[in-house]
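Accompanying notes for the structure given below.
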Amino acid sequence: MPLSLRLSIADTLTLGNATCGFMAVYFTTTGILIPHLQGSQETGMARHSAATAVILMLCAAVFDLFDGLVARKLRSSPMGAELDNLSDLISFGLAPAYFVLVYGMVADDAHQRVAAVGAIVVLLAVVLRLARFSCVTVKDGTFQGMPSPFGALTVVSIVLLELPFVATLLAIIGTAWLMVSRVEYPKPRGRLAVAMLSWIVLSMGLLAAWAFDAPSGQLLLQTGCALQLVMGAVIPLFATARRVNNFRDNRREARAAQLP
């Protein structure tokens, strides 16, 4: 095959990301939306399907984490960057936006059309973020705006918290704004990558406990979702603090250089 059409190991992981995103949409449709439209009162099936959809988004985040690591260690094909953006759009744009849309259709206090607007805002935020990522160069070690995998998991965490509809919608729009903002987020490398992977595994465990109606499963899920929201707000503070410290160090060096 021509070199431009050969898939690398990193590209295969990226395609796994896209597959997980598509399957998350599938389980959201077949396990939540269709039973609701058919008038089913079975809540257990909806809970299992919601947990499965979110776990698949978490798996997509794992694939997204490792495809970048593998590409840096080995190699990436000429299609690597384009595949990554397209896969991210499915898993972290379409899947969470569709999750919000379905929430607006099945929740008791939700408003379908307003929820549809929130879903569109999430989708467009990810589209704009991925487009900006492709054409804007930022300093090494940081992202400009909340990374789309983190943003997608934050959006679904907001929905799973089962807050009042207005609070849920405002939090979703706030997350979408963070994704297109200039707020700096550190890239998951080294210890941060290990911490992120550990958090994803823990989140899968919490979702499984909730799906199988384990004792205190609901409380564990709400605690994990609340921590996801707190991390989304707190993590940028570390990058901001580092930038402030670097600015102070540069000023000290400049003053020391001016002294006789």
Side-chain angles (χ1 to χ4, degrees), residues 20-61 88-127 146 148-179 203-204 206-213 217-230 232:
C20 287
F22 174 77
M23 292 305 296
V25 173
Y26 169 79
F27 278 100
T28 303
T29 303
T30 59
I32 303 175
L33 179 59
I34 292 178
H36 172 75
L37 295 176
Q38 293 176 342
S40 174
Q41 301 299 320
E42 176 60 44
T43 59
M45 180 180 179
R47 188 167 62 247
H48 282 94
S49 298
T52 302
V54 180
I55 287 174
L56 283 164
M57 293 184 217
L58 287 166
C59 291
D88 286 354
L89 179 59
I90 296 171
S91 298
F92 311 126
L94 175 62
Y98 187 71
F99 198 81
V100 172
L101 179 65
V102 173
Y103 154 75
M105 298 177 69
V106 304
D108 293 334
D109 65 337
H111 301 277
Q112 181 176 337
R113 293 182 180 180
V114 180
V117 173
I120 292 172
V121 169
V122 171
L123 179 63
L124 294 182
V126 175
V127 170
M146 179 184 285
S148 52
F150 199 89
L153 298 180
T154 303
V155 166
V156 296
S157 295
I158 293 168
V159 174
L160 293 175
L161 272 175
E162 297 183 352
L163 299 171
F165 177 72
V166 174
T168 298
L169 185 65
L170 291 176
I172 288 172
I173 292 175
T175 303
W177 174 82
L178 280 174
M179 283 194 279
S203 298
M204 289 181 180
L206 295 175
L207 284 162
W210 172 67
F212 291 101
D213 204 16
Q218 181 71 24
L219 178 61
L220 290 173
L221 177 71
Q222 291 178 344
T223 302
C225 292
L227 287 174
Q228 176 72 28
L229 269 65
V230 170

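Here the structure is a predicted model, which is why all the values come from computation and not from measurement.
- Interatomic distance, CG of L163 versus CD1 of I158, reported as 8.0 Å (0.5 Å rounding).
- Considering every non-hydrogen atom in both G151 and M146, the closest pair reads CA-SD, 3.3 Å.
- With values rounded to the nearest 0.5 angstrom, H36 atom NE2 is found 11.0 Å from I32 atom CD1.
- Of all heavy-atom pairs between A176 and V121, the closest is CB-CG1, 3.6 Å.
- In this structure, the side chain of S157 does not engage the main chain of Q228 through any donor-acceptor pair within 3.5 Å.
- Ring centroids of F27 and H48 are separated by 6.0 Å or more, keeping the two rings apart.
- The line from OG1 of T175 to CZ of F150 is 9.5 Å long, rounded to the nearest 0.5 Å.
- Closest of all the heavy-atom pairs between A95 and V25 is CA-CG2, 3.9 Å.
- Between S91 and P96, the shortest heavy-atom distance links the atoms O-CD, 3.3 Å.
- Exactly one residue among L221, T52, V156 makes a side chain to side chain contact (heavy atoms under 4.5 Å, CB included) with L207. That residue is L221.
- The heavy-atom pair separating C59 from M204 by the smallest distance is SG-CE, 3.5 Å.
- Residues T29 and Y98 are in side-chain contact: their nearest non-hydrogen atoms beyond the backbone lie under 4.5 Å apart.
- W210 and G217 make their closest contact through CB-O, 3.9 Å (heavy atoms, listed as atom of the first residue, atom of the second, distance).
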Criterion side-chain contact (heavy atoms from CB on, under 4.5 Å) on V100 and V155, from CA distance to verdict: CA-CA 8 Å; V100 172; V155 166; 3.5 Å; yes
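- Atom CG of L101 and atom CZ of R113 lie 13.0 Å apart (nearest 0.5 Å).
- Atom CG of residue L160 and atom CZ of residue R47 lie 12.0 Å apart, to the nearest 0.5 angstrom.
- F99 is listed as a side-chain neighbour of V54, based on a closest heavy-atom distance under 4.5 Å.
- Side-chain contact check for I172 versus V159: some heavy-atom pair is nearer than 4.5 Å.
- The closest donor-acceptor contact from the side chain of T223 to the backbone of L219 lies under 3.5 Å.
- Within the 4.5 Å cutoff, the side chain of L33 has no heavy atoms near those of the T28 side chain.
- Side-chain contact between M23 and M57: absent, with no pair of heavy atoms (C-beta onward) separated by less than 4.5 Å.
- When side chains are defined from C-beta on, L94 does not count as touching L89, because their heavy atoms never get closer than 4.5 Å.
- Atom-to-atom distance recorded for Q112:CD and M105:CE is 4.5 Å, nearest 0.5 angstrom.
- Counting non-hydrogen atoms of other residues, nucleotides and ligands closer than 6.0 Å to CZ of F165 gives a total above 12.
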Stepwise side-chain contact (heavy atoms from CB on, under 4.5 Å) check, F92 with L153: CA-CA 8 Å; F92 311 126; L153 298 180; over 6 Å; no
